[in-house]
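Below is one structure; the comments refer to it alone.
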Amino acid sequence: MSDLELLLPGQADTLVRGLRSFPLREFGSGGWNQQHENLEKLNMQAILDASGGQGEPIQELLVTHGKIPILVEELITVEMWKQKVFPVLCRLEDFKPQNTFPIYMVVHHEASIANLLETVFFHKEVCESAEDTILDLVDYCHRKLTLLVARSGHCMPPEEAGSQDSTPMQELQKQAELMEFEIALKALSVLRYITDCVDSLSLSTLSRMLSTHNLPCLLVELLEHSPWSRRQEGGKLQRFEEGRWQTVAPSEQQKLSKLDGQVWIALYNLLLSPEAWARYCLTSFAKGQLLKLRAFLTDTLLDQLPNLADLQNFLARLALAETQTPKKDLVLEQIPEIWERLEQENRGRWQAIAKHQLRHVFSPSEQELRMQARRWAETYRLDVLEAMAPERPRCGYCHAEASKRCSRCQSEWYCCRECQVKHWEKHGKACVLAAQGDRAK
């Protein structure tokens with residue numbers, strides 16, 4: 001493993017072996033919280049291993065013990081919880097929690113799993129070990145990218161800073177919305193890694209990607225809208241990178257972003273694979289969409305991704321190709337089943353689940369919160385978090401570069417004393433809990 005170890009090899013093996021699926025009703029329970037903490041440890045160790053370049057045992061353990069399908073099911077289950085149960089909790093008038101950390105952990109669970117999958121799916125054997133759940137994962141990625149395209153046409157993703165007058169639940173909703181944007185970007189990376197395996201995917205998976213969802217056309221729309229880029233007042237270009245919006249220097253604006261690169265590689269994999277192209281129906285609409293790519297294939301782009309010259313030649317031939325009418329052949333194929341099964345199991349019970357979790361999970365006592373704070377402090381070790389950080393920490397209030405850390409909890413950063421004072425109203429409760437948890441160790 002990497003020089004900085006969060007988990008010893010034996011510990012990692014035990015945590016991976018213990019991964020299991022939880023019923024939607026049990027999200028937020030004691031057993032679920034323990035698994036969430038274990039996933040966070042595996043997630044952080046996987047990132048440390050990948051960045052250290054010394055082998056990736058977490059990925060190997062997940063494949064060996066057949067746990068990738070479990071992660072996919074957990075990912076889709078928490079996605080459904082956020083769509084069906086979380087809005088009910090937000091609407092309950094008698095639910096005014098003093099501390100939203102327990103709910104935040106469930107909301108954040110999807111991002112944790114998506115991040116772990118993004119890290120390990122780089123390896124082709126992980127895609128193969130997903131087995132039939134690869135269909136469910138393709139559907140999941142399609143849902144996220146479709147929402148990403150839809151939102152880019154109406155408004156920009158929300159900023160991190162919230163109104164100082166927001167209630168805790170309103171603030172949590174804003175955080176969840178920002179998180180949704182970041183999760184969609186992780187889904188794009190996962191989808192690109194799936195396309196790396198296009199020649200070994202099942203016919204049902206190829207059909208799902210090319211016919212049911214027409215992913216090539218969706219990827220073209222992503223390039224057109226580029227939801228991870230925006231222009232500020234004054235014409236400054238910003239890109240969403242490393243978890244935040246960053247201003248791009250004029251000399252760097254022609255440089256291909258990582259996310260644009262993921263889209264181009266996915267398109268290259270899908271369009272230039274003989275196996276995939278043989279199953280793609282080139283309708284007049286699809287041809288028109290794909291030919292839009294020619295405008296993006298500039299000399300500057302080709303210098304950065306030389307392999308796209310093959311795609312440019314492909315599009316030149318495509319311009320002369322005859323279009324096809326959609327085929328209506330009778331075909332027997334597998335379909336994803338996790339989302340539909342979960343919906344059938346819980347249909348009509350969303351409010352009952354929300355009220356059960358309100359009473360038994362999301363209204364903890366002060367003592368329970370202190371115990372949980374101690375466990376969070378053990379999970380999110382500062383030395384590990386700092387090793388994973390791509391840059392200097394940001395101020396918890398204004399998000400400028402920060403050099404001062406809260407002396408009590410040691411977990412929040414500030415650029416100056418004034419920002420720390422302004423942020424205390426929101427940070428205070430979390431600070432006290434974290435400090436109590438640290439003293440309880």
Side-chain angles (χ1 to χ4, degrees), residues 111 114-115 118 141-162 174-195 213-271 288-308 311-312 315 389-392 394 398-401:
N115 196 81
E118 179 188 25
C141 293
H142 176 260
R143 287 193 295 272
K144 295 299 177 185
L145 298 185
T146 301
L147 284 173
L148 194 58
V149 169
R151 288 176 179 175
S152 67
H154 294 87
C155 61
M156 299 309 298
E159 296 288 357
E160 292 182 28
K174 292 174 185 175
Q175 291 172 339
E177 192 176 350
L178 176 63
M179 209 180 296
E180 195 66 28
F181 175 67
E182 297 186 46
I183 289 169
L185 302 185
K186 296 182 187 303
L188 171 59
S189 295
V190 171
L191 180 65
R192 173 256 148 134
Y193 294 137
I194 293 174
T195 67
H213 297 316
N214 200 346
L215 287 179
C217 287
L218 178 59
L219 293 169
V220 172
E221 287 194 72
L222 279 173
L223 282 178
E224 282 188 297
H225 293 288
S226 190
W228 43 83
S229 302
R230 67 184 184 185
R231 289 280 177 183
Q232 291 291 84
E233 291 183 15
K236 289 184 178 179
L237 176 66
Q238 289 192 325
R239 286 183 183 143
F240 195 86
E241 296 176 336
E242 308 294 354
R244 67 185 184 91
W245 289 101
Q246 301 186 47
T247 300
V248 183
S251 60
E252 296 289 309
Q253 291 186 7
Q254 294 301 312
K255 186 177 178 181
L256 184 69
S257 74
K258 177 184 175 182
L259 291 163
D260 283 305
Q262 297 283 43
V263 178
W264 280 112
I265 294 171
L267 280 165
Y268 181 94
N269 290 338
L270 289 174
L271 297 178
Q289 287 293 100
L290 295 177
L291 290 179
K292 290 179 181 179
L293 294 172
R294 293 185 296 181
F296 295 95
L297 288 166
T298 62
D299 292 341
T300 304
L301 176 60
L302 293 174
D303 286 342
Q304 296 174 75
L305 275 180
N307 284 355
L308 293 184
L311 181 59
Q312 191 176 45
L315 293 172
E391 56 179 22
R392 293 190 62 180
R394 317 297 295 185
C398 71
H399 308 296
E401 278 197 4

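Worth knowing before you read on, the calculation uses all heavy atoms, side chains too, and leaves out hydrogens, waters and symmetry mates. Heads up: numbering here begins at 1 and tracks the sequence.
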Nearest non-hydrogen partners of [X] and [Y], listed with the distance:
{"X": "Lys144", "Y": "Ala187", "answer": "CB-CB, 3.9 Å"}
{"X": "Ser257", "Y": "Asp260", "answer": "OG-OD2, 2.8 Å"}
{"X": "Ala114", "Y": "Val190", "answer": "O-CG2, 4.4 Å"}
{"X": "Glu118", "Y": "Tyr193", "answer": "O-CE1, 3.4 Å"}
{"X": "Phe296", "Y": "Leu223", "answer": "CE2-O, 3.9 Å"}
{"X": "Phe240", "Y": "Leu259", "answer": "O-CD1, 3.9 Å"}

[Y] side chain reached by [X] side chain, heavy atoms, under 4.5 Å:
{"X": "Gln289", "Y": "Glu221", "answer": "yes"}
{"X": "Leu311", "Y": "Leu305", "answer": "no"}
{"X": "Leu218", "Y": "His213", "answer": "no"}
{"X": "Asn269", "Y": "Ile265", "answer": "yes"}

**OP:** Might you confirm whether atom CD of Gln312 has over 12 heavy atoms from other residues, nucleotides or ligands at distances under 6.0 Å?
**Re:**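 Yes, because the 6.0 Å sphere around CD of Gln312 holds more than 12 heavy atoms from other groups.
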Original post:
Got more than 12 heavy atoms from elsewhere within 6.0 Å of NZ, Lys236?
Top reply: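 For Lys236, atom NZ is not crowded (no more than 12 foreign heavy atoms under 6.0 Å).
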Euclidean distance, [Y] [atom2] relative to [X] [atom1], rounded to 0.5 Å:
{"X": "Gln238", "Y": "Thr247", "atom1": "CD", "atom2": "OG1", "value": "4.0 Å"}
{"X": "Gln262", "Y": "Lys186", "atom1": "CD", "atom2": "NZ", "value": "11.5 Å"}
{"X": "Leu147", "Y": "Ile183", "atom1": "CG", "atom2": "CD1", "value": "11.0 Å"}
{"X": "Ser226", "Y": "Leu237", "atom1": "OG", "atom2": "CG", "value": "8.5 Å"}
{"X": "Glu177", "Y": "Glu182", "atom1": "CD", "atom2": "CD", "value": "12.0 Å"}

Original post:
Going through the distances and angles, do Leu188 and Leu148 end up as a side chain to side chain contact (heavy atoms under 4.5 Å, CB included)?
Top reply: CA-CA 10 Å; Leu188 171 59; Leu148 194 58; 5.8 Å; no
Subject >> Main-chain N/O of Trp264 paired with Arg192 side-chain donor or acceptor, under 3.5 Å >> reply: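 Not a single qualifying donor-acceptor pair exists.
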Original post:
Do any N or O atoms from the side chain of Gln304 and from the backbone of Gln254 form a donor-acceptor pair under 3.5 angstrom?
Top reply: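 Indeed, once roles are kept as given, a pair shorter than 3.5 Å links the two residues.
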Subject >> Salt bridge Lys258-Glu241, side-chain N to carboxylate O under 4.0 Å >> reply: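 No salt bridge links Lys258 with Glu241.
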Original post:
Would you call Arg151 and Glu180 a salt bridge, using N to O less than 4.0 angstrom?
Top reply: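 Salt bridge between Arg151 and Glu180, a charged N being under 4.0 Å from a carboxylate O: no.
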Original post:
Looking at Leu290, Val149, Leu267, which one forms a side-chain contact (heavy atoms from CB on, under 4.5 Å) with Leu219?
Top reply: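 The side-chain contact (heavy atoms from CB on, under 4.5 Å) with Leu219 is passed solely by Leu267 among Leu290, Val149, Leu267.
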Original post:
Hey, what's the ring geometry for Phe181 with Trp245, parallel, tilted or perpendicular (30° and 60° as the breaks)?
Top reply: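 Correct class here is parallel.
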**OP:** Start with the C-alpha distance between Lys292 and Glu224, add both sets of side-chain angles, then the distance that settles side chain to side chain contact (heavy atoms under 4.5 Å, CB included), and finish with yes or no.
**Re:** CA-CA 9 Å; Lys292 290 179 181 179; Glu224 282 188 297; 3.4 Å; yes
Original post:
Will you find, in the side chains of Asp303 and Thr300, an N or O donor that is under 3.5 Å from an N or O acceptor?
Top reply: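 No - no donor-acceptor pair under 3.5 Å links their side chains.
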